[in-house]
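Heads up: the structure comes next, in structure tokens.
Residue numbers run from 1 in the order of the sequence given.
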Amino acid sequence: MPKTTVYSLADVRTVMYHQSVGQCVLSSQGVGKISITYAGDLSSHTATADGYVVVNRLRTHNGTIILEVPQNSSADEFLRKWARYLKSAESWLFALTALNIVDTAGGFTICCEGVTPQKIPDRTYDAACGMVSWVLLAANVKE
């Protein structure tokens, strides 16, 4: 019998935490889509004048997280509260946010540390509720 692969966004648990703002289980508050983009390369090659190639092992682990949530949802309200807090917080508190994504169906976990908002998303008013995209930067993304 062939192996069946199953995917379900309902099985993805996404939790965000900052010690001064609190915790929000975003996955139960309206997250519609999550995208994670790794910014750093794992390696690079440097070619010398005599044709010798040096393999460089790089250790960057930063990345970008995009959360698409319905405008005015509980998730959007938490993210806006968090961003407002960070605007006026002391510098040492700015990068203390953690975001954990656990995919029980796929069997993996992504832990993001040093999470900060790139900017507050634009607002659009329409006949029906729209999605807003929160672009977050993470200093450390581990899968």
Would [X] end up clustered with [Y] when hydrophobic side chains under 4.5 Å apart are linked, directly or stepwise?
{"X": "Val12", "Y": "Leu99", "value": "yes"}
{"X": "Val31", "Y": "Phe108", "value": "yes"}
{"X": "Val15", "Y": "Val115", "value": "no"}
{"X": "Leu86", "Y": "Leu137", "value": "no"}
{"X": "Val25", "Y": "Ile34", "value": "no"}

Item checked: Side-chain donor or acceptor of Asp103 paired with backbone N/O of Ala105 under 3.5 Å -> yes
Note to self: Has Ser133 got a side-chain atom pairing as donor or acceptor with Glu68's backbone, closer than 3.5 angstrom?
What the structure shows: no
Note to self: I need the single residue from Ile66, Val135, Ile65 that forms a side chain to side chain contact (heavy atoms under 4.5 Å, CB included) with Ser35. Which is it?
What the structure shows: Ile66
Grab the two heavy atoms, one from [X] and one from [Y], that are nearest each other, plus how far apart they are.
{"X": "His45", "Y": "Val55", "value": "NE2-CG2, 3.8 Å"}
{"X": "Ala75", "Y": "Leu26", "value": "CB-CD2, 3.9 Å"}
{"X": "Phe78", "Y": "Gly22", "value": "CZ-O, 3.8 Å"}
{"X": "Gly40", "Y": "Thr60", "value": "CA-OG1, 3.0 Å"}
{"X": "Asp76", "Y": "Pro70", "value": "CB-O, 3.6 Å"}
{"X": "Arg80", "Y": "Trp134", "value": "CG-CZ2, 3.4 Å"}

Notebook entry, point to check: Between Leu96 and Glu113, is a side-chain contact (heavy atoms from CB on, under 4.5 Å) present by the stated rule, with each step listed?
Noted result: CA-CA 7 Å; Leu96 294 182; Glu113 299 169 331; over 6 Å; no
Margin query: For the CG atom on Leu42, are there more than 12 heavy atoms of other groups (residues, nucleotides or ligands in this structure) within a distance under 6.0 Å?
Written below: no
Margin query: Aromatic contact between His61 and Tyr38, with the criterion being ring centroids under 6.0 Å apart: yes or no?
Written below: no
Atom pair [atom1]/[atom2] of [X] and [Y] - distance to nearest 0.5 Å:
{"X": "Gln71", "Y": "Asp126", "atom1": "CD", "atom2": "CG", "answer": "9.5 Å"}
{"X": "Ile101", "Y": "Cys111", "atom1": "CD1", "atom2": "SG", "answer": "9.0 Å"}
{"X": "Tyr17", "Y": "Thr97", "atom1": "OH", "atom2": "OG1", "answer": "10.0 Å"}
{"X": "Asn100", "Y": "Ser27", "atom1": "CG", "atom2": "OG", "answer": "11.0 Å"}
{"X": "Leu58", "Y": "Ser44", "atom1": "CG", "atom2": "OG", "answer": "4.5 Å"}
{"X": "Cys24", "Y": "Lys81", "atom1": "SG", "atom2": "NZ", "answer": "9.0 Å"}

Item checked: Heavy-atom check, side chain of Thr116 versus side chain of Gln118, under 4.5 Å -> no
Margin query: Taking the side chain as everything from C-beta on, heavy atoms only, tell me whether Leu136 gets closer than 4.5 Å to Thr64.
Written below: no
Any luck finding a side-chain donor-acceptor pair between [X] and [Y] under 3.5 Å?
{"X": "Asn72", "Y": "Arg123", "value": "yes"}
{"X": "Thr46", "Y": "Asn56", "value": "yes"}
{"X": "Tyr85", "Y": "Ser20", "value": "yes"}

